[in-house]
Amino acid sequence: MRVNAYAAPAAAEPLAPTTIERREVGPGDVLIRIEYAGICHSDIHTVNGDWGPQPYPLVPGHEIVGIVEQAGPGVTRHRVGDRVGVGCMVNSCGRCANCQGGDEQYCSQGMVPTYAGVDRDGTTTQGGYSTHVVVDAEYVLSVPEGLDAAAAAPLLCAGITTYAPLRRWGAGPGRKVAVVGLGGLGHMAVKIAHALGAEVTVLSQSLKKQEDGLRLGAGDYRATSDPGTFTDLAGRFDLIVNTVSADLDVNAYLGLLTVDGAMVNVGVAPSPLAVDGSLLLGGRRVLTASMIGGIALTQEMLDFCAEHGIGADVEIVSAEQINEAYQRVLASDVRYRFVIDAATFG
Ligand code: NAP
Ligand code: ZN
């Protein structure tokens, strides 16, 4: 079936309306009528070619919420009329140890990303900036009732990407967590860490968004432009979740960790890290990173968010505002996630 979409025609060119072909609904597939698609900074990195050559024209979008319009034979997980979500991956081998262990994102054969990937039928995947998508039902999540559809869309990437390290590294009562960068991922990290019971500090470039940070659940908010922040907070945090899309002085942040504290990078910096090993050695500190999360954990995150009344703070835009929204994300001018109303794809 041919559906309306917005695609980047080439690297760093503005997105423009187009039509794309979606595959027939196969035995294990569902057809989803998309309601909302979030704009993730990764969409911008990919479209701009920051992560290497891409298969243009490229339809981004991996924060998808919509309604099941058709379910292929054999699909029991979702029914016509259900509200569902699709995140950053739409397939994996399902058999390797990583897939079997619930880490499909680390599939040994490579997960199939929601866009700019090669699906099992050999076609190039196209993302959620579109009216409809066909996805293997095993990679489709249930959006619990009570979650607003637009506010739920960013949970499919920003939500799981922050929930996974917060859970893995024990964010909870009695634990001090710092979130670096208050953007799409950062604001979800603050809400989720707070709901998990941790004591949350935001480390932002300035104090411009301080009021928001405190409202979202942070107990403290500091500007990283102030050198005093790094002396005041030395040795303080059990966990630092770094959501920044630019290069940072990682050593300055390692100094803020307790003994056995962990810093997890979820933001993707352009340059390799220059790490002062003595900061790890001197406190048995951990420096690691994390990529999205598995399907079961994503469902757990959605259920957790529904239970705690957590959605993203969204600004809904129309398809024709996508390019402007990209510029605003690049300028850190987003509070806190742009979500495209898919009805405006026509
Ligand atoms: P975003 O909304 O643009 O947020 C990034 C935040 O980083 C900004 O709001 C800003 O926060 C801070 N920042 C930006 N430029 C900075 C600079 N030069 N120096 C210091 N801080 C800066 O982006 P996002 O959608 O949350 O994505 C963040 C990063 O995570 C991207 O690199 C994206 O590709 C990556 N990502 C990774 C995964 C994964 O699986 N690991 C998943 C999704 C996204 P302040 O204004 O508060 O300083
Ligand atoms: Zn994303």
Side-chain angles (χ1 to χ4, degrees), residues 37-51 60-64 85-89 103-106 111 113-116 127-129 153-166 168 178-192 201-214 216 218 221-226 229 240-250 252-253 264-271 288-294 297-298 301 312-315 325-339:
I39 294 180
C40 177
H41 205 121
S42 299
D43 300 346
I44 303 173
H45 285 303
T46 309
V47 163
N48 285 349
D50 296 350
W51 295 344
H62 58 207
E63 293 186 336
I64 302 168
V86 177
C88 302
M89 81 188 138
D103 277 328
E104 299 92 342
Q105 74 280 24
Y106 301 126
M111 65 140 173
T114 303
Y115 57 81
Y129 295 10
L155 301 180
L156 277 305
C157 174
I160 183 59
T161 300
T162 51
Y163 183 80
L166 288 167
R168 182 170 188 86
V179 174
V180 190
L182 194 67
L185 267 57
H187 97 291
M188 288 312 312
V190 172
K191 289 189 186 207
I192 294 169
T201 298
V202 174
L203 303 175
S204 180
Q205 293 170 91
S206 72
L207 295 179
K208 271 190 274 184
K209 296 178 274 191
Q210 184 173 30
E211 217 173 282
D212 289 350
L214 300 178
L216 296 169
Y221 196 106
R222 304 292 183 100
T224 54
S225 53
D226 176 359
T229 295
I240 297 174
V241 178
N242 169 23
T243 74
V244 171
S245 50
D247 292 327
L248 284 186
D249 175 7
V250 65
Y253 293 86
V264 186
N265 287 337
V266 291
V268 183
S271 315
T288 184
S290 182
M291 183 174 75
I292 53 172
L297 195 70
T298 305
M301 176 277 308
D313 286 20
V314 299
E315 182 174 337
Y326 273 27
Q327 293 311 314
R328 287 182 55 196
V329 172
L330 288 170
S332 296
D333 177 23
V334 50
R335 298 192 181 198
Y336 282 89
R337 198 57 140 186
F338 291 111
V339 169

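First listed ligand is number 1; within each ligand, the first listed atom is number 1. Just the heavy atoms: all of them, side chains too, but no hydrogens, waters or symmetry mates, feed the values below.
Each of Asn242, Val244, Thr224 was evaluated against Tyr253; a single residue qualifies, Thr224, per the side-chain contact (heavy atoms from CB on, under 4.5 Å) test.
Counting heavy atoms closer than 4.0 Å to ligand 1, residue Thr243 contributes backbone atoms (N, CA, C, O) but none from C-beta onward. Residue contacts with ligand 1 for Cys157 involve side-chain atoms from C-beta outward but no N, CA, C or O (heavy atoms, distance under 4.0 Å).
A heavy-atom separation below 4.0 Å is not found between Ala158 and ligand 1. Residue Phe338 places every heavy atom at 4.0 Å or more from ligand 1. Using a non-hydrogen distance threshold of 4.0 Å, Arg337 registers as a contact of ligand 1.
The closest donor-acceptor contact from the side chain of His187 to the backbone of Asp313 lies under 3.5 Å. A donor-acceptor pair under 3.5 Å links the side-chain atoms of Gln105 to the main chain of Gly294, judged by distance alone. For the pair Asp247 (side chain) and Ser271 (backbone), a donor-acceptor distance under 3.5 Å is present. Using a distance-only test at 3.5 Å, with no hydrogens or angles considered, no donor-acceptor pair links the side chain of Thr201 to the main chain of Ala178. A donor-acceptor distance shorter than 3.5 angstrom exists from the side chain of Glu63 to the backbone of Ala158, with no hydrogens or angles considered. Looking at Tyr106, its side chain does come within 3.5 Å of a backbone N or O of Met291 through a donor-acceptor pair. Here the side chain of Thr243 pairs no donor or acceptor atom with the backbone of Gly267 at under 3.5 angstrom.
Take a cut-off of 2.8 Å around the Zn ion (ligand 2): the protein N, O or S atoms inside it are Cys40 SG, His62 NE2, Cys157 SG.
Atoms of ligand 1 lying under 4.0 Å from any heavy atom of Thr161, numbered from 1 in the order shown and given with element: 38 (C), 39 (C), 40 (O), 41 (N), 42 (C). Taking every non-hydrogen atom of Trp51 and a distance limit under 4.0 Å, the qualifying atoms of ligand 1 come out as 34 (O). Close contacts between ligand 1 and Val329 involve ligand atoms 3 (O) [criterion: under 4.0 Å to a heavy atom]. Residue Gly181 approaches ligand 1 through these ligand atoms, each under 4.0 Å from one of its heavy atoms: 11 (O), 47 (O).
The shortest N/O to N/O separation between Ser290 and ligand 1 falls below 3.5 Å. The distance criterion of under 3.5 Å between nitrogen or oxygen atoms is met by Val268 with respect to ligand 1.
Shortest contact from atom 35 (C) of ligand 1 to any protein heavy atom: Val266 O, 3.6 Å. Among all protein heavy atoms, the one lying closest to atom 44 (C) of ligand 1 is Ser42 OG, 3.2 Å. In terms of protein heavy-atom proximity, atom 40 (O) of ligand 1 is nearest to Ile292 N, 2.8 Å. Here the protein heavy atom with the shortest distance to atom 11 (O) of ligand 1 is Leu182 N, 3.2 Å. Counting only heavy atoms of the protein, atom 26 (O) of ligand 1 lies nearest to Leu185 N, 2.8 Å. Atom 3 (O) of ligand 1 has its closest protein heavy atom at His41 ND1, 2.7 Å. Of the protein's non-hydrogen atoms, Lys209 NZ, 2.7 Å is the one closest to atom 46 (O) of ligand 1. The single protein non-hydrogen atom nearest to atom 14 (C) of ligand 1 is Ser332 OG, 3.6 Å, given as residue, atom name and distance.
Contact of the His62 side chain with the Ile292 side chain is not registered, since no non-hydrogen atoms from C-beta on lie closer than 4.5 Å. In this structure, the side chains of Leu185 and Arg337 come closer than 4.5 Å at one or more pairs of heavy atoms. Between His41 and Leu330 the shortest side-chain heavy-atom distance falls below 4.5 Å. Taking the side chain as every heavy atom from C-beta outward, Thr46 and Pro60 never approach each other to under 4.5 Å. The shortest distance between side-chain heavy atoms of Leu155 and Tyr163 does not fall below 4.5 Å.
Closest to atom 12 (C) of ligand 1 by heavy atom, among Arg335, Gln210, Arg328, Gln205, is Gln205. Closest heavy-atom approach to atom 18 (N) of ligand 1 within the set Gly184, Ala246, Gly183, Ser204: this belongs to Ala246.
A donor-acceptor contact under 3.5 angstrom links the side chains of Asp212 and Tyr336, judged on distance only.
Ring orientation note: the planes of Tyr326 and Tyr129 are nearly perpendicular, at an angle over 60° on the 30°/60° scale.
Annotation: Arg328, atom CZ; neighbour count of heavy atoms from other residues, nucleotides and ligands within 6.0 Å is above 12.
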